[in-house]
Enquirer: 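Before anything else, here's the structure in question.
The first residue of the sequence shown is numbered 1, and numbering continues consecutively from there. Atoms within each ligand, like the ligands themselves, are counted from 1 in listed order.
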Amino acid sequence: MSQYTPMIQQYLRVKADYEDAFLFFRLGDFYEMFFQDALRASQILEITLTSRDGGSADRIPMCGVPYHSAKGYIERLIAAGHKVAICEQREDPKQAKGVIKREVVQVITPGTMMEGAGIQEKENHYLATFEHKDSEYAIAAADVTTGECKTAVFATFDAAVHELAAYGVKEVITDGSWNESEKKQIHGRLSAVISVEEQVETEAFHGLLANLTHELTRQASARLYHYLHRTQKRSLDHLQAAEPYEIRDYMNIDYFSKRNLELTETIRSKGKKGSLLWLLDETKTAMGGRLLKQWIDRPLLSEKDINRRLGIVETFITAFFEREELREQLKEVYDLERLAGRVAFGNVNARDLVQLKKSLGQIPQLTNLLKQINGTELNALANKLDPCTELFEELDRALIEEPPISVKEGGMIRDGFHAQLDEYRDATRNGKQWIAELEKEERIKTGIKSLKIGYNRIFGYYIEVTKANLGLLEEGRYERKQTLANCERFVTPELKEKETLILEANEKMIELEYELFSQLREHVKQFIPRLQNLARMVSEIDVLQCFAAVSEARRFARPAFSVDGNMRIKEGRHPVIEKVIDAQGFVPNDCRMESGRQVLLITGPNMSGKSTYMRQTALIAILAQIGCYVPADEAVLPIFDQIFTRIGAADDLVSGQSTFMVEMLEAKHAIVSATSRSLILFDEIGRGTSTYDGMALAQAMIEYIHTNIGAKTLFSTHYHELTVLEESLDHMQNVHVTAVEQDGKVVFLHKVKDGAADKSYGIHVAQLAGLPDSVLKRADELLQSFENKEEKAVPPVLVQEGQLSFFEEKPSAKQKSFKKEDPALIAKLLSYDIMEMTPMEAMNTLYALQKEAKK
Ligand code: ADP
Ligand code: MG
């Protein structure tokens with residue numbers, strides 16, 4: 001240490017506390033980085049690496065970014081998953097004795113970003129803590145930009161990770177005790193940065209923890225608050241008390257299923273476009289946009305709560321004109337939630353506060369408008385809107401309509417707001433007037449028409465005279481200040497005196513304005529809880545009007561909920577596909593699931609619409625339970641507690657698991673967790689393995705779900721052989737998606753009908769795809785020969801004990817002639833140790849057996 005200069009020593013001391021962050025060390029107009037930080041940052045940011053003498057034998061690597069453009073660089077480091085500690089100079093360099101005092105004022109991390117390109121208007125930006133103790137897991141998730149904080153307990157590691165994934169957390173804070181595999185899982189599945197916060201202090205955050213009784217949620221939340229205070233180093237008045245919730249109060253859709261159903265983003269592009277959220281998002285405020293996403297993530301279970309939302313949507317639908325006006329008004333409402341956050345952070349300017357004022361100014365109108373609409377629930381909501389009138393009036397009195405962005409150059413506060421400020425203003429205004437008059441006088445006195453009075457920062461006010469006119473100046477009165485190429489600048493004693501007065505007044509005016517603005521900002525802080533409350537109400541209204549707008553535009557119907565747990569959807573549609581291909585082209589379908597048909601086995605050619613039919617059913621259920629109308633002519637639905645999906649093409653590349661393994665994991669998850677109130681979608685399960693393997697698994701799963709769970713299940717399959725299960729399973733029903741053959745080509749009708757499909761159209765689809773004729777012809781030949789062989793082949797489906805085999809149902813001509821029972825043959829069959837045979841031996845043995853049987 002002692003080899004280094006005092007400044008580098010100071011750097012190293014600070015850096016020791018922020019090992020995991022890039023330390024931005026303020027040196028004059030730059031943030032400098034040294035040593036390892038400099039080497040890495042220069043690469044990531046593509047900035048020049050230099051070096052500096054720091055007292056040691058070797059020069060110290062160094063790179064830096066200008067203070068005024070640091071924001072962009074910080075954002076880039078954060079986007080790359082790093083953290084940045086900002087270390088500022090804490091005293092005036094002119095007054096410092098020795099090394100200037102410096103200290104870290106904030107640590108910016110992926111989860112604590114307040115603004116910048118990483119923050120989306122209509123998306124929350126969460127970070128979370130993750131605790132575990134014995135067999136319980138707790139998470140607490142907060143959005144620093146809005147101040148909300150939620151916490152819940154889970155029984156398994158997986159369930160907690162799924163929840164974190166649903167939040168889309170950018171950063172996970174742990175106590176440092178996670179093992180490598182757990183860390184890898186968290187990091188891999190969430191692609192979130194992992195941070196450590198060892199300290200948990202419940203005392204300091206007493207108020208914020210007031211709603212929590214469960215010890216683990218208290219711990220999770222306290223750690224979160226502690227981390228935020230430690231890194232942000234300021235009062236975070238906008239942080240709200242942690243709100244506990246129970247996942248069993250909401251419909252549970254695991255992370256895979258959310259992804260499969262493309263609720264908030266599409267599988268392929270990971271973008272919003274093409275998702276359910278995209279279809280629904282007719283919100284007009286950023287807050288509403290965020291709430292909509294939260295609602296989609298958490299459909300309700302309480303019929304009463306669902307009907308409350310549906311009731312308001314219905315009210316809105318009937319009030320077309322008011323709704324249109326409401327939408328216009330909502331556009332004028334600024335992001336109150338994030339604004340409250342920035343007020344607490346201390347980074348709002350006068351323009352933001354004017355926006356706040358304008359937003360508050362909308363509220364009384366909005367309330368009136370809502371009250372004009374007839375609807376008890378809606379009126380109740382309208383009555384709860386708090387326009388924060390005192391705040392509105394104060395802001396209106398204080399701020400001019402279009403203040404500058406900078407808060408340090410004055411020009412924000414209205415005349416008449418503050419007496420002293422008005423005096424300073426008069427002084428500067430009068431002073432300027434006086435100068436203008438002096439200019440006139442001097443021109444007359446000297447006879448120099450081109451004489452002018454100017455101002456610059458270094459020399460202050462001056463009288464400027466061109467070289468040619470210098471002779472006209474009276475001797476002794478003009479003191480030379482500056483000589484330029486073709487003119488000279490002078491001052492006079494009276495100009496000097498006035499200048500002091502004007503500049504002082506100006507300086508004081510700016511100072512006072514800043515002070516008044518700061519007071520105003522502090523004053524706004526007191527309103528943060530009320531503003532947050534208002535934000536909640538406005539966002540709810542926004543989402544409900546959005547439901548109404550979409551429901552009306554897309555001809556959705558209000559769903560009803562069944563008492564008997566049955567489901568009857570009439571002319572249901574897939575809302576997103578319907579929107580993408582124009583509405584005329586989409587073929588609506590009924591879906592009935594009730595006693596005798598709790599499990600629907602869906603067959604039909606590729607591309608006929610099996611997956612679409614399954615997904616639309618799930619989307620209808622979700623839409624209904626978030627309180628929106630549904631894309632159908634009529635829908636009576638049970639309230640589903642959970643939805644499970646296994647839909648192909650969602651390889652978990654990150655964790656490196658094979659498609660088939662993922663398929664089985666998802667299937668397992670459904671099978672162990674589903675109840676009779678759940679909805680299961682299994683789309684072509686078993687495709688990832690060999691035919692018999694896959695078919696066997698598929699059948700076993702259907703049987704298990706059918707008999708042991710009783711969940712409503714849509715099961716599509718390309719194993720045509722499974723359709724016979726209908727006979728043995730009371731509550732299974734075959735349905736198929738129709739297609740017809742026309743001129744040797746397949747035409748999809750997309751219509752779902754009862755009964756099994758009769759033919760596989762695979763080769764026709766290949767034809768549609770434009771495979772060469774010779775390939776298609778050969779495939780046709782092969783198919784025919786396979787089909788002929790199949791009759792003699794082994795049973796296509798595992799036959800379980802006590803269950804009919806295919807042969808007994810539909811004996812073929814040859815099979816009929818078999819001897820009914822041949823004990824000797826059976827004994828022989830049983831004596832083989834199949835596991836010890838080579839495939840060739842097995843074939844030969846089989847051949848011999850068959851020959852014997854035919855005798
Ligand atoms: P499958 O799962 O049977 O292979 P998909 O459900 O993936 O078929 O549907 C294939 C395509 O057919 C979809 O992308 C869509 O464009 C179209 N489609 C599916 N269902 C319908 C429908 N009901 N009406 C109109 N087009 C449909
Ligand atoms: Mg499909």
Enquirer: Taking atom types as modelled, find out whether Q699 and E703 have a side-chain donor-acceptor pair closer than 3.5 angstrom.
Expert: yes
Enquirer: If the threshold is 4.0 Å, N to carboxylate O, is there a salt bridge linking K610 and D683?
Expert: no
Enquirer: State, yes or no, whether a side-chain contact exists between T264 and K258 at a heavy-atom distance under 4.5 Å.
Expert: no
Enquirer: Hey, can you tell me if H669 and F644 have their rings parallel, tilted or perpendicular (30° and 60° cut-offs)?
Expert: perpendicular
Enquirer: Is it the case that the side chain of H187 and the backbone of A192 share a donor-acceptor pair, with hydrogens and angles ignored and the cut-off at 3.5 Å?
Expert: yes
Enquirer: If the criterion is any heavy atom closer than 4.0 Å to an atom of ligand 1, which residues make the list?
Expert: I581, G585, F586, V587, P605, N606, M607, S608, G609, K610, S611, T612, H750
Enquirer: Give a yes/no answer: is there an N/O/S atom of S611 under 2.8 Å from the Mg ion (ligand 2)?
Expert: yes
Enquirer: Under the 3.5 angstrom rule, does the side chain of R323 hit a backbone N or O of F316 as a donor-acceptor pair?
Expert: yes
